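What follows is one structure encoded as structure tokens, with my remarks underneath.
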Amino acid sequence: MHYQRPKGTADVLPGDSDKWHYVEETARLLFEDYQYHEIRTPLFESFEIFSRSSGDTSDVVTKEMYDFHDKGDRHIALRPEGTAGVVRAYVENKLYGPEYAKPYKAFYIGPMFRYERPQSGRQRQFHQIGVEAFGSDSPALDVEVISMALAFFKQLGVSGLRVAVNTLGDKKSRDDYHQALVDYLKPHFDELSKDSQERLEKNPLRVLDSKEPEDQKFVADAPSILDYLTDDARNHFEQVKQFMDALGIDYVIDPTMVRGLDYYNHTIFEVMVNSKVLGHGYTTICGGGRYSGLVKELGGPDDTGIGFAIGLERLMLLLESEKVAIPEKNKLDVYVVGIGDETNAETLKLVEAIREAGFSANRDYMNRKPKAQFKSANKEAASFVITIGQAELESKTAHFKSMASGEEVSLPLDDLYKDFSKIYDKYTGE
RNA sequence: GCGGUAGUGGUGAAGUGGUUAACACACCGGUUUGUGGAUCCGGCACGCGUGGGUUCGAUUCCCACCUACCGCCCCA
């Protein structure tokens, strides 16, 4: 009991890992259908990759980064999110080159790290599945990305989702709105909550996100970003809505929605769910949006990108609470019971032969009595039990028992070794 | 980083300032010795998160720390 895992980390144990595999495989198969291919980037990057991309005001950079100096005095950070590393790889490997299809589509699955207080569905090492598409401004791509996220949840059997969409417009829209919002809130500064007073200085848009009642009465009458969009920005957003409608996607427009990372513009969206396991009210399990300037910021061309990230810990909690069925696998086909030490070699040969024939097999390694071994076979839900004792050894046979029916027959060992699948099929069919 | 609740065996848990820490589940063994999912019997915490302190004596009282859970901040 002396050692315990670091705060905010978790062990995914055998059994649980099946669920993770299922979710990850579902994502891989689906995203490949959309022609997104997996990219694997390092778990750590130069600190600067994240500080430049996330923006100086984001909490992710200012207080949640796991960073350190390595032995070569390089300033390193464990990745707090996936986009920055993918953008870096896009630039470094010149994936914007003419030989690659545009948009360039990639997805990632893996751990992220943030130094924060653990809570339900929030760990210091947590996992995300995310996608990114570079090099196209098409609103159709925005909608495809949102649709893909929804298709993923649908395939997993998650229901009761709420899709919220907003736009942050382009640079000019955002700047104009920023100013308008500050102008509106400044006179009420003293009436705002303490947190929001701070937000007003650092990142005024965040005030819109406040849950404090004293803030919300101002938020209600605050100017809307939608009134400050340039023609281009408005046009983009209109098309997004139009395509969403064309796909029959149910969504709400939430002009107060903000995103945590500074690099977003134009379309942003969240997929939310109302589940008590994740806290009160609607919580976000998938967030994303369009970003421009990020590729350029990290030394590439002026390409835009769009993507989303799904928090896997939250998703796993959700699947559990919704009792979403995970397909079972790795059933035990055969348990081999050996009676007496002299059968030790034969039972070992037999389980190996059965495995080689493509079936799963197990045996006892604790020198336990037949009864105890049968108990194990039962507990492990073996379909069949093969028993070998002194007598069988001499007659070169084995008892073959169906655990479901209780029927037991004697078979030549040679048959078991030669064509196990034939025997398996014969007695499974009955 | 702030606030709240909690921490007893593999699990769920009861409990008390003082000889053997209840009960249940699980597990292991036995029930005439080579066969499961039932019954019965037996075994299973030298220690009650860690470290200090108070006390003749603490798992039980006090302090600190660690961890988990919830809320805030923020976010997936």
Side-chain angles (χ1 to χ4, degrees), chain A residues 1-10 54 57-65 80-83 110-130 149 193-196 198-199 202-203 206 209-212 257-261 269-273 276-281 283-288 307-318 335-340 343 364 366-393 398-408:
Chain A
M1 277 309 255
H2 272 83
Y3 291 104
Q4 45 191 187
R5 56 183 187 265
K7 187 186 180 92
T9 61
S54 295
T57 67
S58 72
D59 277 27
V60 167
V61 169
T62 56
K63 59 179 209 191
E64 293 178 356
M65 200 94 88
E81 53 94 29
T83 300
M112 309 290 163
F113 306 85
R114 286 183 202 175
Y115 190 89
E116 62 176 347
R117 196 72 178 261
Q119 257 178 71
S120 170
R122 304 174 61 167
Q123 300 282 323
R124 289 185 170 183
Q125 175 176 337
F126 61 106
H127 298 77
Q128 290 185 331
I129 295 181
S193 70
K194 204 166 143 279
D195 284 334
S196 283
E198 212 172 297
R199 291 187 185 106
K202 281 168 53 184
N203 191 347
R206 297 228 69 91
D209 239 5
S210 174
K211 290 166 196 130
E212 301 294 333
M257 183 168 72
V258 194
R259 304 246 65 228
L261 303 173
F269 64 93
E270 292 185 355
V271 180
M272 302 193 280
V273 66
K276 45 264 145 242
V277 288
L278 300 177
H280 291 297
T283 45
T284 305
I285 53 171
C286 171
F308 65 71
I310 292 167
L312 281 184
E313 274 75 8
R314 289 188 177 187
L315 179 56
M316 301 309 294
L317 283 175
L318 193 61
Y335 192 101
V336 177
V337 170
I339 303 164
T343 63
D364 172 72
M366 307 301 288
N367 282 317
R368 298 192 307 153
K369 302 200 162 180
K371 178 175 179 129
Q373 294 188 45
F374 266 86
K375 272 191 170 178
S376 296
N378 192 58
K379 195 179 164 201
E380 292 169 37
S383 303
F384 299 103
V385 170
I386 295 175
T387 308
I388 299 178
Q390 186 63 46
E392 287 77 10
L393 230 40
H399 282 187
F400 185 87
K401 179 174 185 176
S402 160
M403 291 298 275
S405 69
E407 270 175 62
E408 190 167 21

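What you see is a predicted model; the values in this text were computed from it and never measured. In what follows, every chain begins at residue 1, and chains take the letters A, B, ... in the order their sequences are listed.
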Just compare B:rG36, B:rC69, B:rG34 and give me whichever is closest to any side-chain atom of A:Pro370.
-> B:rG34
Between B:rC74 atom C1' and A:Arg314 atom CZ, what is the distance in whole Å?
-> 10 Å
Any side-chain donor paired with an acceptor under 3.5 Å for A:Thr284 and A:Arg314?
-> no
Among B:rC69, B:rU35, B:rC73, which is the nearest nucleotide to the side chain of A:Arg122?
-> B:rC73
Nearest nucleotide by nearest heavy atom, which residue falls closer to the 5' end of RNA chain B, A:Gly406 or A:Glu313?
-> A:Gly406
Under 3.5 Å, is there an N or O donor on one side and an acceptor on the other linking the side chain of A:Arg114 and the base of B:rA76?
-> yes
Got a salt bridge between A:Glu313 and A:Arg122, using NZ or NE/NH1/NH2 to carboxylate O under 4.0 Å?
-> no
5'-most by nearest nucleotide on RNA chain B - A:Glu408 or A:Tyr115 = A:Tyr115
Nearest listed nucleotide, side chain of A:Arg199, among B:rC73, B:rG34, B:rU33 = B:rC73
Has the side chain of A:Glu392 got a donor or acceptor that lies under 3.5 Å from a partner of the other kind on the base of B:rG34?
-> yes
Round to the nearest Å and state the distance from A:Lys371 atom NZ to B:rC28 atom C1'.
-> 13 Å
Calculate the interatomic distance between A:Gln373 atom CD and B:rG29 atom P; express it in whole Å.
-> 10 Å
From NZ of A:Lys375 across to C1' of B:rA26 the rounded distance in Å is 11 Å
Separation between the P atoms of B:rG36 and B:rG43, rounded to whole Å = 24 Å
Identify the nucleotide, in any strand shown, that forms a Watson-Crick or G-U wobble pair with B:rG29, with both distances under 3.5 Å; if there is none, say none.
-> B:rC41
What nucleotide, of B:rG34, B:rA68, B:rG1, holds the atom closest to the side chain of A:Arg117?
-> B:rG1
Protein-nucleotide distance (A:Leu312, atom CG; B:rA76, atom C1'), rounded to Å | 9 Å
Contact summary for A:Ala149 and A:Cys286, nearest pair of heavy atoms = CB-SG, 4.1 Å
Taking B:rG29, B:rA76, B:rG34 as options, the one with an atom nearest any side-chain atom of A:Thr387 is B:rG34
With the side chain defined as heavy atoms from C-beta on, A:Lys401 is closest, among B:rU35, B:rC27, B:rC74, to B:rU35
A:Glu392 side-chain N/O to A:Gly389 backbone N/O, donor-acceptor pair under 3.5 Å = yes
Is it true that the NZ or CZ of A:Arg114 lies under 6.0 Å from the centre of A:Phe126's six-membered ring and within 45 degrees of the ring axis?
-> no
In whole Å, what is the span from the CD atom of A:Gln4 to the P atom of B:rC66?
-> 10 Å
How many Å lie between CD1 on A:Ile388 and P on B:rU35, as a whole number?
-> 17 Å
Nearest to the side chain of A:Thr284 - B:rU35, B:rA76, B:rU33?
-> B:rA76
CD1 of A:Ile339 to OG1 of A:Thr387, rounded to nearest 0.5 Å, is 6.0 Å
Whole Å only: how far is the CD atom of A:Glu64 from the C1' atom of B:rC72?
-> 13 Å
Closest of B:rG34, B:rC73, B:rC69 to the A:Gln119 side chain is B:rC73
